[in-house]
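Written out below as structure tokens is the structure these notes cover.
Chain letters run A, B, ... following the sequence lines, proteins first, then strands; residues in each count from 1. Just so you know, these numbers come straight off a predicted model, no measurement behind them.
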Amino acid sequence: MTNKDIAERFERIADLLQIKGEVIYKILAYRKAAESLLGLGRDVREVHREGGLEAIPGVGKAIAEKIAELLDTGELRFYDELTATIPESLAELLAIPDLGPKKIKLFWETLGITSLEALESAAKAGRLRDLPGMGAKSEAKLLEGIASLARRGDRMLLGDAVPVARDLLGVLRQVPGVVDAQVAGSLRRWRETVGDIDILVASRDADPVMSAFTSLPRVARILGRGPVKSSVEFVDGSRAQVWVHPPERFGTALQYATGSKDHNVRLRELALAAGFSLSEHALKRVSDGTELLCATEAEVYSALGLPYVPPELREDRGEIPAAQRNALPRRLELADIQSSLHNHSTWSDGKASVLEMAQAALARGLRVLAITDHSSGLGVTQGVDAEGLSRQRQAIEAAQAELGSAIRILQGIEVEIRADGSLDLDDRTLAGLDIVVASMHTGLRQPREQVTARMLAAIRNPHVDVIGHPSGRLIQRREAADLDLDAVFAAAAASGVTLEINANPQRLDLSDVYVRRAVDLGIPLSINTDAHRPEHFDFLEYGVATARRGWAEAEQVINCWPLERLMRWLAGRSPA
DNA sequence: GCCGTTTTCGGCCCGACTGTTTTCAGTCG
């Protein structure tokens, strides 16, 4: 039973308690505990073994006991008793937009509805409209909600949402009267997936903004349109919403809309302690109701005695106490990145030559590029073997000669960690390369002991410099391998190998919470695009954002080191 | 159900929008 399994169970409990009508704070406690487990960065099984469950934020005696029961027995009596009184299937109805716990309870108690199908047919038969608080419009809206649930897929990947959001910003900034437009919400925090696209506009005249937004060609339906806020569904089923605030209140508004919810709750507590009520409109002095307006977010934080907290840290993972101690991480910038150390070319499954890849990297300001094609053992790609590597060396030297000193091209390999834990190339071949990335592409579903042992063997191989996409996950498509990450991190810390932050938006692996753990343990990190074609170098910003979310600073990221330091480090790792 | 430089008890953020309301409830973020 993993952190994620337990978090899902607690979310389910919260859903059912909400429908049951339990006090909201008990429900929030379960949600907080679930969130906390997902952000823990440690295996909860390990924490339980150490007896430290109650030290987890948001976990007290009662929830700690439930975690322990789940881990020890795989069962939870509390959950069984709960589902004996309230049908488990009701929780799924909460996914329907604009349908909440109160209505679900109403439908269940008056009409015995416990499933989506039953709810849909009742609405179609007009049996809901006469219930208290309902009407013909609510009934139609509910049917629309059910239809949209069927249309809507998973949350959007960050990498899919960013280009759309930039598009929207471009349009909205052209609207007359608009002073500024910014992305907000989880997108601005660079979360790996986003539920919808939130945009905040600074203008005195909201109406033209709303019109421009709701009449975009990609809008399939308008979900709501008020004087200062509108939301729409796009033709692909994704959603976006826009708020408009006057420029002098843009700071509080942007801060509010960026979240996270938990971060905002903390901030509001802090404001209250200082005698202010904080809303998206202003900081309002409680004593006399006077408003303190903030045009920028920095003013909001400053008014509360804090340095500016960058959006990617606003997850209530200790950033506010750190800000109070003036101990926030120094922000990693895209411009700090000098190199990409895991990339492909036509020597394996890449789509561009060494020279084309180097030119593309150079065009994006990189000073060092490692070509690390797959080793031949990975059956799905045309990999390189020891003999191929010597021919590839000539191609790299030719490209280097062509580009001169503007960029340094390193020869490396992405060597396969085989199913038996050995590497796909012998030590002598690896020793002859500038850099070695070791990755797993197969056998990711092996049992925990086996897959962990493979990983540990690769980490301890003195020729290996980077562990590529360590968990092997593909966001929303493939679960991470069942690695014992405590063991993996301990071995990495001991060996000095770097763990990769793979910047491909389908991977983002290590993920933010594990970056944070690596940072705490002092494990060096490597942010790489894993580019298979020139435009993939643009992934770098996602890797940087993930590193920031994990509180990484430039010093710990080897891609930020100048060439000389990087080469010294590489030379020092591989035994002569 | 959690938590504590006002508290081990009594708090726990605040407003927009919609639809049903004649003053508000439900949902969302």
Would you say [X] places a side-chain N or O within less than 4.0 Å of OP1 or OP2 belonging to [N]?
X        : N      : value
A:Tyr30  : B:dG1  : yes
A:Ser277 : B:dC14 : yes
A:Lys261 : B:dG29 : no
A:Lys66  : B:dG1  : yes
A:His281 : B:dC14 : no
A:Ser138 : B:dG19 : no

May I ask you to decide whether [X] forms a salt bridge with [Y], counting only side-chain N to carboxylate O separations under 4.0 Å?
X        : Y        : answer
A:Asp512 : A:Arg549 : yes
A:Asp316 : A:Lys32  : yes
A:Arg473 : A:Glu192 : yes

Contact class for [X] (heavy atom, under 4.0 Å): base, sugar-phosphate, or nothing?
X        : result
A:Leu267 : nothing
A:Ala14  : nothing
A:Pro132 : nothing
A:Val23  : nothing
A:Leu142 : nothing
A:Ile27  : nothing
A:Lys61  : sugar-phosphate

Report task. Confirm from the modelled atom types if A:Tyr256 and B:dG15 form a donor-acceptor pair under 3.5 Å, side chain to base only. Result ->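 Result: no qualifying N/O pair found.
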- request: Report the base-pairing partner of B:dG1 (Watson-Crick or G-U wobble, both distances below 3.5 angstrom), or none.
  value: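 Partner of B:dG1: B:dC12.
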Taking atom [atom1] in both [N] and [M], compute the distance separating them and give it to the nearest angstrom.
N      : M      : atom1 : answer
B:dA16 : B:dG11 : C1'   : 26 Å
B:dC17 : B:dC12 : P     : 26 Å
B:dT8  : B:dT22 : P     : 45 Å
B:dT20 : B:dA25 : C1'   : 8 Å
B:dG4  : B:dC13 : P     : 15 Å
B:dG19 : B:dT23 : C1'   : 14 Å

Determine, for A:Tyr308 and A:Arg314, whether the Lys NZ or Arg CZ falls below 6.0 Å from the six-membered ring centre while staying within 45 degrees of the axis.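 Ring-cation test returns yes.
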- Does NZ or CZ of A:Arg218 come closer than 6.0 Å to the centre of the six-membered ring of A:Phe234, within 45° of the ring's axis?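 Relative to the ring axis of A:Phe234, which defines the angle, A:Arg218 lies inside both limits.
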For this session: Output the distance between atom OG1 (A:Thr214) and atom CE (A:Met210), rounded to the nearest 0.5 Å.
Result: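 If we round to the nearest 0.5 Å, A:Thr214:OG1 and A:Met210:CE are 8.5 Å apart.
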